[in-house]
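Just so we're on the same page: letters track the sequence lines, and every chain starts at 1. Here the structure is a predicted model, which is why all the values come from computation and not from measurement.
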Number of protein chains: 2
Amino acid sequence: MVQKNKKPPVTKIDAPVPPKRRGRPRAYEPDVALGKALDLFRKDGFAATSLDDLSAATGMNRPSLYGAFGDKRELFIKSYRRYREDARVAMGNVFRDELPIRKRLERIYAVALDIYLSGESGPRGCFTVMTAASEAVHDPDIRAMVLEGFVELDKAFAACFRRAKEKGELPESADAIVLAQLASATIHTIAIRARARMPRKELEAIVNGAIDVMVGTAR
Amino acid sequence: MVQKNKKPPVTKIDAPVPPKRRGRPRAYEPDVALGKALDLFRKDGFAATSLDDLSAATGMNRPSLYGAFGDKRELFIKSYRRYREDARVAMGNVFRDELPIRKRLERIYAVALDIYLSGESGPRGCFTVMTAASEAVHDPDIRAMVLEGFVELDKAFAACFRRAKEKGELPESADAIVLAQLASATIHTIAIRARARMPRKELEAIVNGAIDVMVGTAR
DNA sequence: TATTTTTTTGTACCATTTCGCAATAAATTC
DNA sequence: GAATTTATTGCGAAATGGTACAAAAAAATA
């Protein structure tokens with residue numbers, strides 16, 4: 001529904017080039033299976049998601065799951081990595097587009113809201129904020145990923161604001177770092193509030209208010 | 001350490017007045033038991049906290065737990081309510097104190113950081129943001145409490161900013177609602193980042209930057 | 001003082017779920 | 001057919017949420 005962009009790839013760019021694996025062929029596609037696992041973890045969190053749930057959702061039985069992705073924790077980490085990659089792809093373009101700063105921020109938050117509000121049974125918020133951060137206290141590896149996620153977002157926003165200053169859209173006195181942290185904070189607050197089913201309209205109002213403060217009311 | 005205010009109540013105002021309960025006396029104090037349960041839920045979340053863990057932490061065996069607080073979900077809700085009450089007490093005074101707006105915000109965030117960074121085995125963040133919001137998708141009652149929590153915080157901040165405008169500390173053009181949402185967003189971002197063990201110094205830097213943007217750089 | 005009532009505790013249990021794995025069967029290439 | 005890779009079944013030990021039931025401790029009553 002969304003990927004109608006780009007010219008229709010007549011020939012798939014990176015055709016899987018089936019390398020003639022030996023042995024019984026897999027009955028699942030690891031990528032889609034991981035996607036299903038991610039959906040579950042996003043919805044229920046780590047502890048409340050059982051291997052049986054994951055097995056049912058992916059269509060793989062437990063031993064296959066285990067063989068393909070390792071134990072539950074590894075599967076969780078791989079799901080989280082996948083989430084981050086997806087998010088990077090979704091937001092990357094918007095972050096790079098050379099739009100006026102206000103427009104750019106609006107687009108970024110719109111994409112974020114799309115991610116946070118998606119979900120069959122209610123909005124799921126942000127994996128980093130909701131689920132991964134919970135595990136972060138106990139698991140150093142996850143904690144490192146989460147921290148890195150925060151830094152990555154801060155940096156991306158900071159680059160936006162620096163660019164805006166260069167283009168004269170922001171006064172020289174503006175502090176790109178501080179603005180970036182505010183922009184991240186706004187991402188975080190809408191992620192959490194989305195999870196509590198705050199309506200999109202209200203979330204957008206918060207976003208608009210924040211943008212006003214960050215780049216000025218002038219449109 | 002904090003409640004040295006009010007004259008020392010020579011006679012305890014509401015002395016428990018042991019009302020001669022019949023039957024075998026309780027071997028626990030419900031209040032402290034609930035506190036222990038809250039600690040566990042804050043640390044591990046709902047699903048990862050077992051009744052055995054709760055039983056061990058509170059010193060009550062499972063049937064007693066059940067009799068005193070109901071099933072696990074009820075205990076969770078009561079723990080969350082308790083958390084909110086505690087937080088209200090801790091922050092309420094600071095919110096009400098008639099300090100200059102900057103000082104007031106600094107104090108508020110300092111108290112918040114104290115709450116978020118506490119915990120024997122690592123900082124636990126904010127119950128509302130971390131744990132309760134996770135359950136909010138599935139549980140309408142918890143969701144209502146969480147949403148109410150957001151609103152309550154927004155309102156408290158908004159009152160601060162309105163007061164500051166009245167006192168001429170902020171320009172008439174300042175939008176108290178928008179500023180309040182930014183202030184809440186800052187609370188949320190430090191709550192999450194604390195959970196990922198971001199050092200207090202960095203969190204304070206974020207807070208200071210946010211305050212600068214909200215009330216101006218002038219000290 | 002002895003007995004009854006009331007309330008809580010402690011032990012034990014149950015049905016279910018959970019994670020992980022071993023053993024075996026199936027499908028494919030060499 | 002042999003080798004290799006995956007799928008399926010099903011086991012098992014532990015943990016989970018919840019509860020039944022008797023023993024214990026106190027007040028109320030006789």
Side-chain angles (χ1 to χ4, degrees), chain A residues 16-34 36-38 40-41 43-80 131 134-135 138-139 141-142, chain B residues 16-41 43-80 131 134-135 138-139 141-142:
Chain A
V17 185
K20 282 294 185 198
R21 298 175 52 92
R22 284 175 64 131
R24 179 169 175 169
R26 283 199 272 249
Y28 57 91
E29 287 183 71
D31 274 2
V32 318
L34 191 57
K36 301 287 187 184
L38 168 58
L40 262 194
F41 279 131
K43 183 159 72 72
D44 297 331
F46 179 78
T49 303
S50 73
L51 286 187
D52 278 334
D53 297 336
L54 291 163
S55 177
T58 57
M60 307 164 61
N61 43 33
R62 276 209 305 287
S64 292
L65 259 183
Y66 199 84
F69 303 111
D71 68 8
K72 193 181 171 185
R73 177 176 167 276
E74 286 181 81
L75 177 51
F76 179 83
I77 290 181
K78 282 171 181 149
S79 299
Y80 180 36
T131 310
S134 283
E135 306 303 317
H138 304 298
D139 191 310
D141 295 332
I142 298 177
Chain B
V17 184
K20 284 295 186 196
R21 297 176 52 90
R22 280 175 67 131
R24 180 168 174 167
R26 282 200 273 248
Y28 58 91
E29 286 183 71
D31 274 1
V32 317
L34 191 58
K36 300 287 188 185
L38 168 58
D39 282 341
L40 263 194
F41 279 131
K43 183 160 71 75
D44 297 330
F46 178 78
T49 304
S50 73
L51 287 188
D52 278 333
D53 297 336
L54 291 163
S55 178
T58 57
M60 307 164 61
N61 43 32
R62 277 211 304 284
S64 293
L65 260 183
Y66 198 85
F69 303 112
D71 68 7
K72 192 182 170 186
R73 177 176 167 278
E74 286 181 81
L75 177 51
F76 179 83
I77 292 180
K78 281 171 181 151
S79 299
Y80 181 35
T131 310
S134 282
E135 306 304 316
H138 304 298
D139 192 309
D141 295 332
I142 298 177

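Rounded to whole Å, atom P of D:dG17 lies 16 Å from atom CZ of B:F69. Atom-to-atom, OH of B:Y28 to P of C:dT7 comes out at 13 Å; the value is rounded to the nearest Å. When the P atom of D:dG18 is taken as reference, atom CG of B:L65 falls 11 Å away, rounded to whole Å. A:E74 places its CD atom 15 Å from the P atom of C:dC19, with the value rounded to the nearest Å. C:dT7 atom C1' lies 13 Å from atom CE of B:M60, rounded to whole Å. Rounded to whole Å, the distance from CG on A:L54 to P on C:dG20 is 11 Å. Atom P of nucleotide D:dT16 and atom CG of B:D71 are separated by 17 Å, given to the nearest angstrom. Rounded to whole angstrom, the span from the CG atom of A:D53 across to the P atom of C:dT17 amounts to 11 Å.
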Item to check | Residue pair B:L34, B:T58: steps toward the side chain to side chain contact (heavy atoms under 4.5 Å, CB included) verdict | outcome: CA-CA 8 Å; B:L34 191 58; B:T58 57; over 6 Å; no
Checklist entry - Hey, mind stepping through A:E135 and A:F76 against side chain to side chain contact (heavy atoms under 4.5 Å, CB included) and telling me if it holds? => result CA-CA 10 Å; A:E135 306 303 317; A:F76 179 83; 4.0 Å; yes
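Dashed line: the shortest gap from a side-chain N or O of B:S50 to OP1 or OP2 of D:dT16 is under 4.0 Å. Checking the phosphate oxygens (OP1, OP2) of C:dC19, no side-chain nitrogen or oxygen of A:Y66 falls inside 4.0 Å. For the pair A:S64 and D:dT6, the criterion of a side-chain N or O lying under 4.0 Å from OP1 or OP2 is not met.
In the model, B:D52 has no side-chain atom that pairs as donor or acceptor with a side-chain atom of B:S55 under 3.5 Å.
Residue B:R24 is the one, among B:R24 and B:N61, whose nearest nucleotide of DNA chain C lies closer to the 5' end (criterion: closest heavy atom). When the nearest nucleotides of DNA chain C are assigned to A:L51 and B:P63 by heavy-atom distance, the more 5′-ward of the two goes with B:P63. Residue-to-nucleotide proximity on DNA chain D shows that, of B:D52 and B:G23, the 5′-proximal contact is made by B:D52. Along DNA chain D, the nucleotide nearest to A:R62 and the one nearest to B:A48 differ in position, and the one closer to the 5' end is contacted by A:R62.
Residue A:T49 is classed as a sugar-phosphate contact, given heavy-atom separations below 4.0 Å to backbone atoms only.
Heavy-atom contacts from other residues, nucleotides or ligands closer than 6.0 Å to CD of A:E29 number 12 or fewer. Crowding of B:K78 atom NZ: a count of heavy atoms from other residues, nucleotides or ligands under 6.0 Å exceeding 12.
Comparing D:dA25, D:dT6, C:dG20 by their nearest atom to the side chain of A:K72 picks out C:dG20.
For a distance-only test at 3.5 Å, the side chain of B:R22 qualifies as a donor-acceptor partner of the base of C:dT5.
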